[in-house]
Amino acid sequence: MVKGRPAVSKVVVVTSGKGGVGKTTTSANVATGIAMSGKKTVAIDFDVGLRNLDLVMGCERRVVYDFVNVIRGEAKLNQALIRDKRIETLHVLPASQTRDKDALDPEGVGRIIGELRDMGFDYIICDSPAGIERGAQMAMFYADEAIVVTNPEVSSVRDSDRVLGLLAAKTSRAQAGAPPIHPHLLLTRYSPAMVKRGEMLSVADVLELLGIPLLGVIPESKAVLQSSNKGTPAILDETTDVAQAYLDVVYRFMGQEREHRFIEEERRGFFGRLFG
Amino acid sequence: MLETAPEARSESRSATSSKRQVAFDLKGTMAPLTVLRLRATDVAIIERQLRVKIAQLPQLFVDAPVLLDLGALGDDAAALPFAELVQALKLCKLVPVAVSNVPDALRAAAVAAGLGVLQPQAAPRVPERAAAEPAAPEAEVAAPDATARPTARPAAHGGPVVVTQPVRSGQIVYAQNNDLVVLASVNAGAQVIADGHVHIYATLRGRAVAGAQGLLGARIFCQKLEAELVAISGAYIMPDEIPAERRGKPAQIYLENGECRIAGL
């Protein structure tokens, strides 16, 4: 798939406020999925000091230089970029394990994103750390679009709401008076059975609370944990429902219409329907 | 304003000791000052609207010292061309003297334009009882801020402040000397405050304060009452005190004999 220099690269922040809701999993899967479609893609780990994205994407043994090294001029960008072994168009810019988030500053981050644009990346996926402090604000600062990862429970929804406020106020688009960032809601760890029993917020509940368009629903699944541990993003094993859900998300994100799935409980068999 | 007082006093002392004759007294004082609370950064628009206002009450504005308040601009303040604005104000026969609520990054630009810089003021005034547990201490202090992008009109005209976007957790919207109209939900952890009435044409899940400066007749109206707190002139109601039959329904809150009452709509 030979293609010329893209008109514009898209900077996408994957964010949530709350920790443990699936930001890194989503970053890895969305970056992988977009790259699978032939788009030149890089995933940047903004969680400086914790460094997880390289593990989830299975390239932790190839990390020599990191994001902070590049910001500080200790290494060149292409020395720190790791090219994925499975998908040629996929790259990872790992976080530093030894520094903290104060090492990130708007000028430095802006410079790196500018360089990635110049290198012809179509998609720059920024994996935000949890919280709303410096690391998270740096991850969202240059974003054009945002994927807000939310679990169907009240505290996660509240934190996402807070992050949506920050996206509208504390980003370079907001400061320049440019058109606002498009937020997309990604509901992860969703269990239709629990929703039915009233033990979990439903898609409709979350949409009513947050009021942003739904990008997709990722069902709760053991496949996520297994794939994280293996360092193989779940989207690569198309037999799982998680992979199917993330593929839908990637297609929708890139502008294709796809019907939402995994919102209702799995259809029961003929007899189940007959006697249900 | 008062924060400059100690410094001013010590300067005046050194002035007296170095010269026997006292050439002046320095005083930290509160002088009446017209505040121009900016809600737009387009100098042409500001000037045009200002001229209309001046035409109505010319004697009030001639040679009047003016304080520029950037508090309502939020992050949009960065787009303000100070020199151009100062020039425009002078053309209107106003004397811009200083600027308040100026972001650190813009201090130098303000000083370069010949403006003094007043210490930033605290967050919008919230009645003490209502402010007992601020939902988010570092909240984007947002009079209609960049976040909500409300179509806010200048307060002096008396038209309400209108917010069209959801007010999200951690955000504060304050309509000073004015009513506040919110066309989207006020989410949990958000605060809407008005010196007049508060109208919410959606769900109120956060905190709403009407009559923040003591207007006893102020009311709160909302389409769906799920508030964390509602307060009028300092009297307030917590969620547990909202009767079950009023919860989740259209409601108005008003003051009667010094206590908040909830009624249907």
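Just so it is clear: chains get the letters A, B, ... in the order the sequence lines come, proteins before strands, and each one is counted from 1. What you see below is based on every heavy atom in this structure, not just the backbone, and it leaves out hydrogens, waters and symmetry mates.
- With sequence neighbours excluded, the residues forming a side-chain contact (heavy atoms from CB on, under 4.5 Å) with B:Leu106 are B:Ala77, B:Phe82, B:Val102, B:Pro103, listed by chain and number.
- The two residues A:Gln97 and A:Arg51 have their closest heavy-atom pair at OE1-CB, 3.8 Å.
- Neither the backbone nor the side chain of B:Thr41 comes within less than 4.5 Å of any heavy atom in chain A.
- Heavy-atom pairs under 4.5 Å with chain B peak, among A:Asp159, A:Leu210, A:Leu167, at A:Leu210.
- Electrostatic pairing of A:Asp105 and A:Arg134 does not count as a salt bridge here, judged by no charged N lying under 4.0 Å from a carboxylate O.
- Within the 4.5 angstrom heavy-atom criterion, atoms from both the backbone and the side chain of B:Ala188 approach chain A.
- Nearest approach of A:Asp100 to A:Val48, heavy atoms of both residues: O-CG1, 3.5 Å.
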